[in-house]
Amino acid sequence: MGQILAIDYGKARCGIAATDDMQIIASGLDTVETRFLMEFLKKYFTENKVDDLVVGLPTDLKGNVSEVETDILKFIEEFQKEFSGIPVHRLDERFTSKMASFFISQSGKSKKKKQEKGLIDKVSATIILQNFLEQRIR
């Protein structure tokens with residue numbers, strides 16, 4: 001059994017989270033500039049077995065997708081060409097950034113760490129992945 005990876009995709013940077021090999025625990029992995037995302041994944045996939053990819057689906061309160069969705073769809077198309085054997089799942093990511101900010105503020109991190117956008121992206125990816133794992137169990 002391999003890991004499941006999740007991406008909180010953004011125009012500037014992407015938060016990445018991964019499960020353990022038993023696919024039980026979601027943990028923040030890294031934050032990568034979006035332009036280097038495929039390069040990061042290629043390297044990561046040579047060193048780790050990955051079974052699935054979860055990509056956040058950015059929607060507003062009315063269920064409309066945000067403008068970054070066009071970029072996400074291009075990324076998914078490129079990903080599927082490069083890694084055709086790895087299924088891509090989408091998961092609504094509403095409120096993950098707000099939840100990430102809240103969890104970070106409760107963690108006792110310094111004010112500077114709390115405001116670090118890369119940390120928010122990584123925690124958001126972790127929340128997306130945890131939600132995916134919980135939905136799979138149901």
Side-chain angles (χ1 to χ4, degrees):
M1 188 178 286
Q3 300 174 0
I4 302 172
L5 236 56
I7 298 175
D8 178 32
Y9 192 98
K11 286 190 178 281
R13 73 193 156 273
C14 298
I16 303 171
T19 65
D20 58 305
D21 289 337
M22 298 293 293
Q23 300 181 358
I24 297 171
I25 300 169
S27 301
L29 184 62
D30 208 343
T31 303
V32 177
E33 287 184 47
T34 301
R35 61 191 172 125
F36 298 124
L37 179 59
M38 281 302 290
E39 185 180 314
F40 174 87
L41 293 174
K42 286 175 187 176
K43 183 178 186 316
Y44 190 83
F45 285 28
T46 61
E47 299 168 358
N48 300 275
K49 182 174 178 351
V50 177
D51 289 343
D52 294 270
L53 179 72
V54 181
V55 181
L57 179 64
T59 55
D60 63 19
L61 291 174
K62 295 179 182 175
N64 302 316
V65 295
S66 77
E67 61 190 49
V68 76
E69 178 65 8
T70 304
D71 296 334
I72 294 171
L73 292 174
K74 288 178 190 169
F75 161 74
I76 290 172
E77 187 178 324
E78 183 182 351
F79 178 88
Q80 289 177 323
K81 285 179 186 171
E82 185 71 35
F83 306 104
S84 59
I86 299 177
V88 177
H89 309 274
R90 302 299 304 277
L91 192 75
D92 187 341
E93 65 175 51
R94 256 179 284 198
F95 306 117
T96 57
S97 291
K98 288 191 185 322
M99 290 169 54
S101 294
F102 173 76
F103 291 141
I104 292 166
S105 72
Q106 298 299 305
S107 70
K109 298 271 187 210
S110 68
K111 185 173 183 174
K112 185 177 181 192
K113 263 294 197 203
K114 288 180 200 175
Q115 294 172 338
E116 187 181 298
K117 291 189 186 311
L119 180 59
I120 291 171
D121 294 333
K122 185 169 41 171
V123 173
S124 293
T126 307
I127 294 168
I128 291 168
L129 185 52
Q130 187 62 46
N131 288 343
F132 177 78
L133 292 174
E134 289 171 6
Q135 285 185 10
R136 239 179 30 159
I137 293 171
R138 291 181 199 160

Measure the shortest side-chain to side-chain distance between F83 and V50 over non-hydrogen atoms and say whether it is less than 4.5 angstrom. no
Is any side-chain heavy atom of L41 closer than 4.5 Å to one of F75? yes
Would you say I72 ends up clustered with V54 if hydrophobic residues are merged whenever their side chains have heavy atoms under 4.5 Å apart, either directly or through other cluster members? no
What closest approach, in Å, do [X] and [Y] show between heavy atoms, and which atom pair accounts for it?
{"X": "I24", "Y": "L133", "answer": "O-CD1, 3.7 Å"}
{"X": "C14", "Y": "L37", "answer": "SG-CD2, 3.8 Å"}
{"X": "M38", "Y": "E78", "answer": "CG-OE2, 3.3 Å"}
{"X": "R13", "Y": "T34", "answer": "N-OG1, 3.1 Å"}
{"X": "G15", "Y": "A125", "answer": "O-CB, 3.3 Å"}
{"X": "Q23", "Y": "G2", "answer": "NE2-O, 2.6 Å"}

Stepwise side-chain contact (heavy atoms from CB on, under 4.5 Å) test for Y44 and L5: CA-CA 10 Å; Y44 190 83; L5 236 56; 3.6 Å; yes
A quick test of your reading: do over 12 heavy atoms of other residues, nucleotides or ligands sit less than 6.0 Å from [atom1] of [X]?
{"X": "E77", "atom1": "CD", "value": "no"}
{"X": "E47", "atom1": "CD", "value": "yes"}
{"X": "K11", "atom1": "NZ", "value": "yes"}

To the nearest 0.5 Å, tell me how far [X] [atom1] sits from [Y] [atom2].
{"X": "T126", "Y": "I25", "atom1": "OG1", "atom2": "CD1", "value": "12.0 Å"}
{"X": "K122", "Y": "I127", "atom1": "NZ", "atom2": "CD1", "value": "13.0 Å"}
{"X": "Q130", "Y": "L91", "atom1": "CD", "atom2": "CG", "value": "11.5 Å"}
{"X": "I7", "Y": "L53", "atom1": "CD1", "atom2": "CG", "value": "4.5 Å"}
{"X": "I128", "Y": "D8", "atom1": "CD1", "atom2": "CG", "value": "4.5 Å"}
{"X": "I76", "Y": "D71", "atom1": "CD1", "atom2": "CG", "value": "11.0 Å"}

Derivation and outcome, side-chain contact (heavy atoms from CB on, under 4.5 Å), residues V88 and Q80: CA-CA 8 Å; V88 177; Q80 289 177 323; 4.0 Å; yes
Between D20 and M22 (side chain of the first, backbone of the second, donor and acceptor by atom type, cut-off under 3.5 Å), is there such a pair? yes
Partner of L29 by side-chain contact (heavy atoms from CB on, under 4.5 Å), out of I16, L129, N48: I16
Begin with the C-alpha distance, continue with both residues' side-chain angles, and end with the deciding distance and a verdict on side-chain contact (heavy atoms from CB on, under 4.5 Å) for M1 and D51. CA-CA 7 Å; M1 188 178 286; D51 289 343; 3.9 Å; yes
Which of H89, Q3, R136 passes side chain to side chain donor-acceptor pair (under 3.5 Å) with D52? Answer is H89
Show your reasoning for whether side-chain contact (heavy atoms from CB on, under 4.5 Å) applies to K42 and T46. CA-CA 6 Å; K42 286 175 187 176; T46 61; 5.8 Å; no
Ring centres under 6.0 angstrom apart (F40, F36): no
